[in-house]
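Numbers here are sequence positions counted from 1.
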Amino acid sequence: MNKLIDYLNGELNEAERAEVEQKLSTDPEFARECEETKALWDSLNLITIPQMDKSRFKHALEGYKQAEKPRFSWSGLWNKQPKMRLAYTFLLILIGLAGGWLLNENQNNEIAKVEEEVTSLKQEMVLTLIENPSATERIRAVNMSTEITDVNDKVIDALLSTLNNDPNDNVRLMTLEALIGFADHPKVREGLVKSIVSQESPILQSAMADVMLNLQEKSSVKPLKSILKQEGLDSTVKDKVEKTIQQILI
């Protein structure tokens, strides 16, 4: 619920506050999320920001925003939830710390250290949230993984495992999209090809065919042919896979 932060800050009117409190009393998962969000928010309030040159900080922040290139994503279908906004707040605080160090003669090294800390934080959050029993939390983890430019093997393994084993098709689909962004990584390409035979949902089978065609991955032909042997295969999927195989082999 997008009103959670406003509720915690006491910024809702009486009717809105009553709505949130009603949900808290009837939805244990929402109540737990509220407690976790409050705890994280309280911890952020304890962080002290050093004095910095405002003009230099603004320049650094604009540079960081320019470096974050937007991607097309199915994840746009989901609104960012409170925990994600808090995570972004924490990341901006770290960027603020970098701004305070801009006058230091070793500013480049210091900024690099902060960027490493930001990346490490994102990766730890991904690995934590992706194990959450809530599909919404796992989707958040997948979304956050797309913001990591230098993804490590642990995150890749976690994403591939989610693509193969997650019980929710939406989570799998979002994970497939995220992995496409890391397709230049040999481990990801190999994992995507192996994952083809693990997909039983027509929408995932169709999406995998599209991905293999876009990547022109010839090693995917054999597992794609194995899909055609499945009993009760959706006719639309069958047509797509057959055309994909033909186009890859051209």
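Counted within 6.0 Å of CG on Asp184, heavy atoms from surrounding residues, nucleotides or ligands total 12 or fewer; the atom is thus considered open. Counting non-hydrogen atoms of neighbouring residues, nucleotides and ligands closer than 6.0 angstrom, the CD atom of Glu21 exceeds 12 such neighbours. Dense packing is recorded around NZ of Lys218, with more than 12 heavy atoms of other residues, nucleotides or ligands lying under 6.0 Å away. For Ile203, the CD1 atom counts as loosely surrounded, since its 6.0 Å shell holds 12 or fewer non-hydrogen atoms of other residues, nucleotides or ligands.
Across every non-hydrogen atom of Ser145 and Val126, the tightest pair is N-CG2, 3.7 Å. Between Asn143 and Met174, the closest heavy-atom pair is OD1-CE, 3.2 Å. Taking each heavy atom of Pro202 and Val237 in turn, the nearest pair found is O-CG2, 3.5 Å. Between Val197 and Pro223, the shortest heavy-atom distance links the atoms CG1-CB, 3.9 Å. Smallest separation of non-hydrogen atoms from Asp150 and Thr119: O-CG2, 4.2 Å. Here the shortest heavy-atom pairing between Thr146 and Phe182 reads CA-CZ, 4.5 Å.
Applying the salt bridge (Lys or Arg N to Asp or Glu O under 4.0 Å) test to every pair with at least one member in residues 187-206, sequence neighbours left out, gives these pairs: Asp157-Lys187, Arg189-Glu217, Glu190-Lys194. Each salt bridge (Lys or Arg N to Asp or Glu O under 4.0 Å) pair with one or both residues in residues 232-250, not counting sequence neighbours, appears once here: Asp210-Lys240.
Side-chain N or O atoms of Asn165 include one that pairs as donor or acceptor with a backbone N or O of Ser161 at under 3.5 Å. Remark: the backbone N or O of Leu213 is paired with a side-chain donor or acceptor of Gln216 at under 3.5 angstrom.
Residues passing the side chain to side chain donor-acceptor pair (under 3.5 Å) test with Ser220, sequence neighbours excluded: none.
Annotation: the span from Asn164 atom CG to Leu192 atom CG amounts to 9.0 Å, rounded to 0.5 Å. One distance of note links CD1 of Ile130 with OG1 of Thr162; it measures 3.0 Å at 0.5 Å rounding. Here the straight-line distance linking atom CE of Met208 with atom CG of Leu224 works out to 8.0 Å at 0.5 Å rounding. Interatomic distance, Arg172 CZ to Leu176 CG, rounded to the nearest 0.5 Å: 11.0 Å. Atom CE of residue Met125 and atom CD1 of residue Ile148 lie 10.5 Å apart, to the nearest 0.5 angstrom. Atom CG in Leu173 sits 11.5 Å away from atom CG in Asp166 (nearest 0.5 Å).
Side-chain contact of Gln230 with Gln205: a donor-acceptor pair under 3.5 Å is present, judged by distance alone. With no hydrogens or angles considered, no side-chain donor-acceptor pair links Gln22 and Thr26 at under 3.5 Å. Ser201 and Asp169 form a side-chain donor-acceptor contact under 3.5 Å, judged by distance and modelled atom types alone.
Using a 4.5 Å heavy-atom threshold, the side chains of Val155 and Asn152 count as touching. At a threshold of 4.5 Å between non-hydrogen side-chain atoms, the residues Met212 and Val241 do not count as touching. Side-chain contact between Leu129 and Arg138 is absent, with no heavy atoms from C-beta onward closer than 4.5 Å. Counting only heavy atoms from C-beta outward, the side chains of Val188 and Val151 never approach each other to under 4.5 Å. Residues Leu159 and Leu163 fail the side-chain proximity criterion, which asks for heavy atoms closer than 4.5 Å.
Looking at Glu137 and Arg140, a side-chain N of the basic residue comes within less than 4.0 Å of a carboxylate O on the acidic one, giving a salt bridge.
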Does Gln123 form a side chain to side chain contact (heavy atoms under 4.5 Å, CB included) with Lys154? I'd like the steps, not just the answer. CA-CA 9 Å; Gln123 293 184 142; Lys154 288 184 178 179; over 6 Å; no
